[in-house]
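Report on one structure; see the data block that follows.
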Amino acid sequence: MGLLDSLVGNEVKKFVKRKDSDAGEAGRALEELRGSIYNEIRTSEGAKRQQQRICGPVVAMTFNFIVSVGIILANKLVMGRVGFKFPIFLTLIHYVTSWLLLAIFKTLSILPVAPPSRTTPFSSIFSLGAVMAFASGLANTSLKHNSVGFYQMAKIAVTPTIVSAEFILFRKTISFNKVLALAVVSAGVAIATVTDVEFNVFGALIAIAWIVPSAINKILWSNLQQQANWTALTLMWKTTPVTIFFLLALMPWLDPPGVLLFQWDFNNTTAILISALLGFLLQWSGALALGATSATSHVVLGQFKTCVILLGGYLIFNSDPGFVSICGALAALCGMSVYTSLNLQKSQDNVSMQLPKQSLPTLKPKATNEESVESDVEDTTNPTTAV
């Protein structure tokens with residue numbers, strides 16, 4: 001009986017130890033699952049991965065393209081039919097609306113988590129906010145004081161400015177084939193759109209002053225998102241107060257007097273609020289596109305939008321921009337196609353280079369239940385392996 005009791009006791013002990021080991025493995029798996037969910041929801045790295053999964057380059061650029069067309073129509077309504085002649089104040093309304101919406105997101109815990117403050121100096125956030133104010137405000141002011149042709153010439157000048165600034169700041173270079181494609185795009189857009197170049201000194205100075213902030217704005221948005229784990233909404237939340245401050249400083253200098261005398265009736269206010277909501281979507285979609293691609297690709301997207309509007313008006317609404325303009329738009333679209341294919345080829349090459357070399361797994365003999373239980377017991381009692 002003593003021998004039987006001893007054998008039964010050993011079997012019971014091994015069974016209990018095996019159950020304890022299984023429970024420990026289940027607990028560790030549950031903790032790992034909790035940790036992964038927390039990393040995906042409440043960390044900047046997880047929020048960045050979610051943004052990349054949901055809004056890839058195609059989705060982000062399509063979103064930005066649709067919103068850009070919508071805000072062009074809304075701003076034409078506000079600046080034309082409504083008669084709101086205060087471009088800096090309109091930009092200020094856009095950013096105040098964006099900040100209020102982001103504050104609501106923050107209150108509802110929808111806003112993603114920001115990276116630790118030590119990873120990004122405050123000077124970078126402050127610089128981006130200031131540059132955004134000048135880029136957005138001067139763009140609307142330039143459109144008001146210049147002809148459409150001169151405004152388009154200034155937009156074309158942003159492309160070589162971005163290439164030069166990225167080389168000076170980050171030593172980033174592009175291939176000769178991309179340079180040729182961008183040259184074809186710029187030349188085609190110039191031929192298609194620059195038809196009425198009316199020059200005045202004040203408008204020219206505003207346009208020239210807008211080029212550099214516009215280029216730096218796109219570069220900083222792209223760089224901070226791609227290298228510092230910032231998401232679009234979080235970076236907007238941090239930079240918008242700085243942008244509002246600088247817009248308030250610019251308004252007395254660039255806007256005409258009389259904003260308080262404007263007729264703020266229901267129809268006019270509704271049109272301005274619609275423009276402000278589209279302004280928020282434009283800022284968000286532009287940030288997503290810059291985070292998913294690059295500053296140069298975002299400029300090419302803007303030029304693509306110009307060509308599509310021109311050709312769409314010709315094909316759908318029977319407008320007649322002229323044979324030369326149509327040829328220029330088609331040439332620009334060809335250059336954009338080549339530039340896009342070169343970017344896709346580079347992305348595929350980068351992915352193939354980053355794939356790890358796979359090796360065949362080594363097969364190990366499967367341990368018996370008694371051996372696995374004994375090894376688990378030894379590991380838990382060994383001070384060098386116990387946690």
Side-chain angles (χ1 to χ4, degrees), residues 40-41 43-71 98 102 105 110-115 119-120 124-125 128 131-132 135-136 158-159 162-163 165-166 169-170 172 174-175 178 181-182 185 214-240 278-305 308 336-355:
E40 289 296 321
I41 297 177
T43 64
S44 59
E45 293 83 359
K48 178 63 178 176
R49 287 193 295 269
Q50 284 186 337
Q51 177 177 296
Q52 291 174 339
R53 282 197 295 265
I54 298 173
C55 292
V58 176
V59 175
M61 297 185 80
T62 303
F63 181 28
N64 184 241
F65 174 80
I66 295 173
V67 175
S68 298
V69 175
I71 200 170
S98 297
L102 291 170
F105 293 165
I110 300 176
L111 199 69
V113 179
T119 60
T120 304
S124 299
I125 303 297
L128 178 56
V131 167
M132 283 171 58
S136 302
V158 173
T159 302
I162 288 177
V163 175
E166 285 185 331
L169 296 175
F170 308 110
K172 182 179 178 180
I174 62 175
S175 64
K178 285 187 178 180
L182 291 174
V185 171
S214 178
I216 299 299
N217 178 47
K218 296 178 185 299
I219 293 172
L220 290 178
W221 269 104
S222 181
N223 185 65
L224 285 175
Q225 288 189 85
Q226 295 181 6
Q227 298 185 11
N229 286 327
W230 284 91
T231 58
L233 288 175
T234 308
L235 199 53
M236 288 168 60
W237 170 251
K238 292 291 185 179
T239 56
T240 299
L278 289 173
F280 166 73
L281 295 178
L282 179 67
Q283 185 186 1
W284 184 22
S285 63
L288 290 172
L290 286 167
T293 57
S294 65
T296 308
S297 298
H298 190 254
V299 174
V300 173
L301 174 64
Q303 295 171 342
F304 171 75
K305 172 191 64 182
V308 167
M336 294 171 194
S337 301
V338 173
Y339 179 80
T340 303
S341 65
L342 292 173
N343 279 339
L344 292 175
Q345 182 180 358
K346 183 179 179 181
S347 300
Q348 293 174 356
D349 293 341
N350 291 336
V351 170
S352 61
M353 290 176 63
Q354 291 176 359
L355 288 177

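FYI, side chains are in, hydrogens and waters are out, and symmetry mates aren't considered; it's all heavy atoms of this structure.
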Next on the checklist: Is there a side-chain contact between Thr62 and Val58 in this structure, where contact means two heavy atoms from C-beta onward sitting under 4.5 Å apart?
Outcome noted: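 SC-SC contact between Thr62 and Val58 confirmed.
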About how many Å separate [atom2] of [Y] and [atom1] of [X], when rounded to the nearest 0.5 Å?
| X | Y | atom1 | atom2 | answer |
| --- | --- | --- | --- | --- |
| Ile110 | Leu102 | CD1 | CG | 11.0 Å |
| Ile219 | Phe170 | CD1 | CZ | 6.5 Å |
| Met61 | Thr340 | CE | OG1 | 7.0 Å |

List in chain and number order the residues that pass side-chain hydrogen bond (donor to acceptor under 3.5 Å, both in side chains) with [X], two or more places apart in sequence or in another chain; answer none if no residue qualifies.
| X | answer |
| --- | --- |
| Ser285 | Asn64 |
| Lys238 | none |
| Ser136 | Tyr95 |
| Thr120 | Trp230 |

Next on the checklist: Evaluate Gln303 against Thr159 for side-chain contact (heavy atoms from CB on, under 4.5 Å), listing each step before the verdict.
Outcome noted: CA-CA 10 Å; Gln303 295 171 342; Thr159 302; 3.5 Å; yes
Checklist entry - Who pairs with Lys305 by salt bridge (charged side-chain N to carboxylate O under 4.0 Å, His left out), at least two apart in sequence or on another chain? => result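 If we apply the salt bridge (charged side-chain N to carboxylate O under 4.0 Å, His left out) test to Lys305, skipping adjacent residues, there are no hits.
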Which residues satisfy the side chain to side chain contact (heavy atoms under 4.5 Å, CB included) test with [X], sequence neighbours excluded?
| X | answer |
| --- | --- |
| Ala181 | Val338, Tyr339 |
| Leu220 | Leu128, Ile216 |
| Gln51 | Lys48, Gln225, Thr231, Ala232, Leu288 |
| Val158 | Ile162, Trp210, Ile211, Ser214, Ala215, Val299 |

What closest approach, in Å, do [X] and [Y] show between heavy atoms, and which atom pair accounts for it?
| X | Y | value |
| --- | --- | --- |
| Ala228 | Pro115 | O-CG, 3.3 Å |
| Gln283 | Ser98 | OE1-OG, 3.5 Å |
| Leu182 | Val300 | CD2-CG2, 3.6 Å |
| Ala47 | Pro112 | CB-CB, 3.7 Å |

Item to check | Side-chain donor or acceptor of Thr240 paired with backbone N/O of Met236 under 3.5 Å | outcome: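 Yes, because the side chain of Thr240 sits within donor-acceptor range (under 3.5 Å) of the backbone of Met236.
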Checklist entry - Taking the side chain from Ser222 and the backbone from Leu290, do they hold a donor-acceptor pair closer than 3.5 Å? => result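 Such a contact is found between Ser222 side chain and Leu290 backbone.
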Checklist entry - Between the side chains of Ser297 and Ser294, is a donor N or O closer than 3.5 angstrom to an acceptor N or O? => result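 Short answer, yes.
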Next on the checklist: Pair Trp221, Met132 - check side-chain contact (heavy atoms from CB on, under 4.5 Å), show working.
Outcome noted: CA-CA 10 Å; Trp221 269 104; Met132 283 171 58; 3.5 Å; yes
Item to check | Intermediate values then yes/no, side-chain contact (heavy atoms from CB on, under 4.5 Å), Lys178 and Thr296 | outcome: CA-CA 10 Å; Lys178 285 187 178 180; Thr296 308; over 6 Å; no
Item to check | Aromatic ring pairing Phe304/Phe65, orientation class (parallel under 30°, perpendicular over 60°, tilted between) | outcome: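 Tilted, since the angle between the ring planes falls between 30° and 60°.
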